[in-house]
Amino acid sequence: MTGRTTPFDHATRMTEPAPTPTIVQDADERVSTRDQIREERAARALHLRDRRTVFIVVPVIMLLIVGLGAMLSASSVVAIRETGDHLFYIKRQIIWVGLGLASLVIFSKVPYRWYRTFALPIFLVAVIGLLATLVVGDVRGGARRWIEVGPLTIQASEFAKIATIILLSAVLAKKERLLDRFPHFILPVVTILGVVSGLLLLQPDFGTALLIGVSAFAVLLASSAPLGFLVGLGGVGGALAVAGAFAMDYRRDRITGFLDPFADPLGTGHQAVQSLVALGTGGLFGVGLGASRARWSFLPNAHTDFIFAIIGEETGFIGAMLVIVLFAVFAAVGIRIALTAPDTFGRLLAVGIVSWLTFQALVNIGGVVAVLPITGVPLPFVSSGGNAMIVSLGAVGMLINISRSSGVESVSP
Amino acid sequence: MRRPQFRFGDLRVVALGLVFVLAWGGIGYRLFRVQGANAAELAQLGFDQRLRHEQIEAKRGTIYDRDGVELAVTIYGSSLAADPSLVEEPARAAAALAPVVDADYVEMVTRLEGDGRFVYLARGLEHDVAEEARRIIEEEDLVGFIFEEEPLRIYPSGALAAPVIGLTRLDDGSGVEGIEAVMDTELAGRPGKRIVERDRAGRAIPQAEFLLEPSVPGSDVVLTLDRELQYAAERSLQAGIDRTDAIGGAVVAIDPRTGEILAMVSLPSFDGSDRSQLDPATIRNRAISDVFEPGSTLKAVTVAAALEEGIVRPDTPFETPREIEISGETYSDHGYNPPVMTVSDIVAKSSNVGTIQIQRRLGNEAHYRYLDAFGLGRTASIDFQGEATGRLEHVTDWCGPACGASAAIGYGIGATPLQMAEIYATLANDGEWVEPHIVSEIIAPDGSSLVTEPRRREVVSADTARTIRSMLRGVVERGTGRRAALDDFPVGGKTGTTNKFNVESGEYSDTDTIAWFIGIAPIDDPAIVVAVVLDTPRGELPDGTDLQFGGASAAPIFAEIAETALHQLGVAPTHDADG
């Protein structure tokens with residue numbers, strides 16, 4: 001350990017009353033008092049850990065509830081048309097949320113340092129998954145993104161997100177002292193991101209590739225890499241992303257549709273316009289639960305990528321703002337966990353997880369409110385999707401574990 | 001107490017957190033712009049694409065016969081439609097559904113394989129058929145099918161009086177033929193208005209409907225038709241058509257005292273509930289739209305005019321040579337007649353020569369006045385759509401004596417079966433014309449009703465009418481109309497046979513005839529007038545009587561119908577069997 005002060009001390013300093021006069025009386029007493037203080041601190045740390053856990057879990061649970069509520073309405077029309085059972089998607093989503101919560105609990109118990117040890121194998125599994133997707137994957141909507149295994153659909157790209165963040169965090173933590181040398185900085189970054197992005201672009205899944213790139217950049221930002229390197233890498237990466245965005249017709253359409261959706265409201269601007277119409281229809285207080293109009297075949301993907309528009313329509317600005325506040329709280333608490341992480345790996349991992357989920361939510365909602373182009377990424381914790389639910393709630397479990405480890409670390413001798 | 005050591009990376013992580021919070025703030029601001037400041041404008045766009053101002057169909061009124069039996073009634077049927085983009089196996093679905101809804105399999109598959117998101121597969125399904133289709137859709141696990149409720153006009157009595165009752169259009173339910181058309185305004189009611197929100201495929205969004213104005217249901221229409229008599233008349237006419245191999249025929253039965261049309265038959269007919277085999281020739285109501293030369297049946301008018309003018313008496317004798325030439329046209333009688341005949345005999349034996357002699361004494365001017373007064377050349381009733389006026393040229397356009405002679409025996413004049421029934425009804429009602437009508441009452445949804453009060457006017461005196469009636473009795477008892485006689489009632493009437501006039505060639509046919517019989521029963525106290533006409537009857541009876549003649553083909557039909565009518569009307573037999 002670097003011997004740095006943990007935020008525990010900081011917190012103690014803030015809350016501890018003025019030093020009691022008993023502390024300096026004699027050595028024995030001092031010792032026993034130290035033990036007392038140690039115990040006290042341990043108890044406080046436990047309390048604090050729990051409080052921090054609550055701060056990260058509560059927004060997530062609330063988002064899950066909001067998501068299920070919105071799903072009930074948003075998916076009912078498409079569910080009844082496709083399957084005849086208007087509860088079809090909500091039933092599935094409830095199962096996924098259950099599995100996701102199980103994943104959250106399990107990963108909150110797994111010591112996060114294990115990921116550092118197994119970072120490379122985990123990453124290799126993800127790469128194999130992506131390769132398998134390209135070989136035996138199912139083509140839907142022109143992209144090969146899913147593997148069908150019996151009744152299950154595996155989306156390897158969801159797993160690749162966390163695997164990449166873990167490996168990058170592990171490598172950067174290991175090279176902490178070497179990152180001011182450019183080759184040590186650039187080689188692992190380019191290799192890891194190159195492999196993952198390459199495989200994702202072959203599907204093609206530009207949105208996920210972009211998301212992983214941006215999350216990786218956040219991890220680099222939290223590392224000891226010099227700012228100059230980051231600016232250079234950011235510039236090159238940004239240029240590549242822009243080039244990639246204009247490389248395919250449908251992505252270009254999404255960008256033109258984003259720049260002026262009302263120029264072609266039935267074509268490139270269709271989703272953006274319908275999404276804005278749904279939000280506008282909701283107004284400040286919403287049209288009421290289950291009263292969404294947009295879901296009646298006006299807004300495509302109402303229960304997946306555009307579920308936020310349904311939330312905004314049914315519960316208005318008030319409800320939509322609640323979702324935004326919950327995500328903002330999640331981001332703030334997540335960053336706090338990163339700052340209090342006991343080691344560099346935990347800190348980088350926490351930054352990676354928080355950044356990934358926050359960027360994904362920003363990109364999704366940004367698309368819905370038409371301040372960003374539509375990328376087709378789901379809204380974490382809210383949109384329909386089993387793989388995403390299990391992986392993202394698992395990642396929250398990892399955050400909780402990092403958060404809990406911080407206090408314990410500081411009181412151990 | 002150590003101060004927390006500041007680490008280089010912390011600032012960047014804090015900055016990252018700040019960026020996140022600011023980004024969410026930005027999104028929140030944008031959200032406020034969209035949902036607050038610009039909400040109304042965006043919501044309006046949504047309304048524009050969803051809201052439809054729609055009409056609420058008013059329930060169409062029912063058509064009843066005189067006893068309150070439903071002849072045409074609107075029920076709510078179902079339409080089967082589909083969203084082809086959701087239908088997975090068009091062939092399997094069509095194989096299961098097409099037979100149930102009586103649709104063509106190939107046609108259904110074609111529709112299900114189409115590109116649209118909404119196609120009708122079968123419309124106007126009755127309740128049990130729709131239920132069966134629903135059951136099959138569930139059983140076969142078919143996806144993408146939709147049922148829509150819509151009003152359905154059904155005719156519980158099938159083909160009964162179909163050309164009279166008419167038809168409604170399938171698309172908007174408005175009447176296009178018969179009573180449905182004439183009474184359309186009354187039957188239709190007033191549609192209401194509502195605002196409905198519809199999805200992109202045009203399907204109504206549940207729980208999003210606003211009523212602006214309720215619909216007012218249509219009025220019910222009660223007809224003067226007697227369902228039992230109508231049925232009997234149709235059966236008798238059909239039997240007559242079958243016997244004589246005629247192209248078609250018509251019957252009009254009127255209560256002469258009230259002008260009520262008790263039966264009106266036009267054959268061949270159709271069933272308004274079964275639209276698959278509709279043919280314009282069967283939809284046409286021949287009783288009001290077909291114009292025939294009345295022939296000898298019009299002699300009653302010639303003689304009535306002469307009697308009323310005091311020119312002749314029943315026993316006034318006329319010389320009746322075999323032939324008579326008027327302005328170069330030669331007229332003769334069928335069969336053998338004595339050289340001198342009384343007016344009564346002339347009517348009984350239907351002598352052309354004798355009738356022309358009477359007309360010559362009457363003169364064209366007076367003759368025309370009576371033809372006009374009896375109702376020829378104009379529509380008889382306001383209750384029909386497409387009623388023909390017939391053909392009666394104004395006397396100043398007549399070609400002189402030859403036209404008068406032709407008119408005397410019912411040539412050169414065109415009349416519908418209804419007009420001829422109207423003339424005989426006037427004679428039966430002691431010379432008082434009563435406006436023929438088929439709508440007796442219009443009952444509004446609030447229960448108020450409008451009862452038809454027919455117009456009346458005197459055409460000839462009661463004396464003249466009675467005299468003519470006794471002559472008509474002679475026609476049945478000793479003249480050309482013996483086959484019209486009934487066992488229990490004294491009957492009077494007149495036969496008529498004209499060579500069919502071919503409008504296209506402008507010539508009379510040598511072979512085809514129009515056969516008439518118009519009769520009154522009982523002749524001494526008239527309760528019913530029945531006009532029967534057959535278009536192109538053929539063949540002979542076993543005794544060699546040519547069925548082309550009205551006395552042979554039409555008179556027996558009259559007898560059957562009149563007998564049923566008198567029983568139906570509860571008229572007690574007055575005629576002693578040997579009288």
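Letters go in sequence order (proteins before strands), and every chain restarts at 1. Only heavy atoms go into these numbers, but all of them, side chains included; no hydrogens, no water, no symmetry mates. It should be emphasised that the depicted structure is a prediction, and the values quoted were computed from it without experimental measurement.
The existence of a salt bridge linking Arg60(B) and Asp184(B) is confirmed by a sub-4.0 Å separation between a basic side-chain nitrogen and an acidic carboxylate oxygen. The pair Arg135(B)-Glu131(B) does not meet the salt-bridge criterion, since no charged nitrogen lies less than 4.0 angstrom from a carboxylate oxygen.
At a 4.5 Å heavy-atom cutoff, the contact between Phe308(A) and chain B is made by side-chain atoms alone. In this structure, chain B has no heavy atom under 4.5 Å from any part of Leu348(A). In this structure, chain B has no heavy atom under 4.5 Å from any part of Leu372(A). Proximity to chain B involves both the backbone and the side chain of Ala370(A), based on heavy atoms less than 4.5 angstrom apart.
Per-residue heavy-atom pair counts under 4.5 Å with chain B were compared for Leu362(A), Leu230(A), Val369(A), and the maximum is reached by Leu362(A). Considering only heavy-atom pairs separated by less than 4.5 Å from chain B, the leading option among Leu276(A), Leu284(A), Val273(A), Val354(A) is Leu276(A). Put simply, of Val34(B), Val21(B), Leu18(B), the one with the most heavy-atom pairs under 4.5 Å next to chain A is Val34(B). For the options Leu45(B), Asn38(B), Leu16(B), heavy-atom pairs under 4.5 Å to chain A are most numerous at Leu16(B). When Ala331(A), Ala218(A), Ser355(A), Ala332(A) are compared by the number of non-hydrogen pairs under 4.5 Å with chain B, Ser355(A) comes out ahead. When each of Ala278(A), Ala361(A), Gly334(A) is scored by its heavy-atom pairs under 4.5 Å with chain B, the top score falls to Ala361(A). With respect to chain B, the highest number of heavy-atom pairs below 4.5 Å among Val368(A), Val371(A), Thr358(A), Thr281(A) belongs to Thr358(A).
Within the 3.5 Å criterion, the main-chain N or O of Ser292(A) finds a donor-acceptor partner in the side chain of Glu314(A). The backbone N or O of Gly346(A) lies less than 3.5 Å from a partner atom in the side chain of Asp343(A), making a donor-acceptor pair.
Relative ring orientation between Phe359(A) and Phe20(B) is described as perpendicular, the plane-to-plane angle rising above 60° on a 0-90° scale split at 30° and 60°.
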Would you please test Asp10(B) and Arg347(A) for salt bridge (Lys or Arg N to Asp or Glu O under 4.0 Å) and show each step? CA-CA 10 Å; Asp10(B) 279 355; Arg347(A) 161 196 177 84; 2.7 Å; yes
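Here the closest non-hydrogen pair linking Ile165(A) and Ile353(A) is CG2-N, 4.1 Å.
The line from OG of Ser174(B) to CZ of Arg169(B) is 5.0 Å long, rounded to the nearest 0.5 Å.
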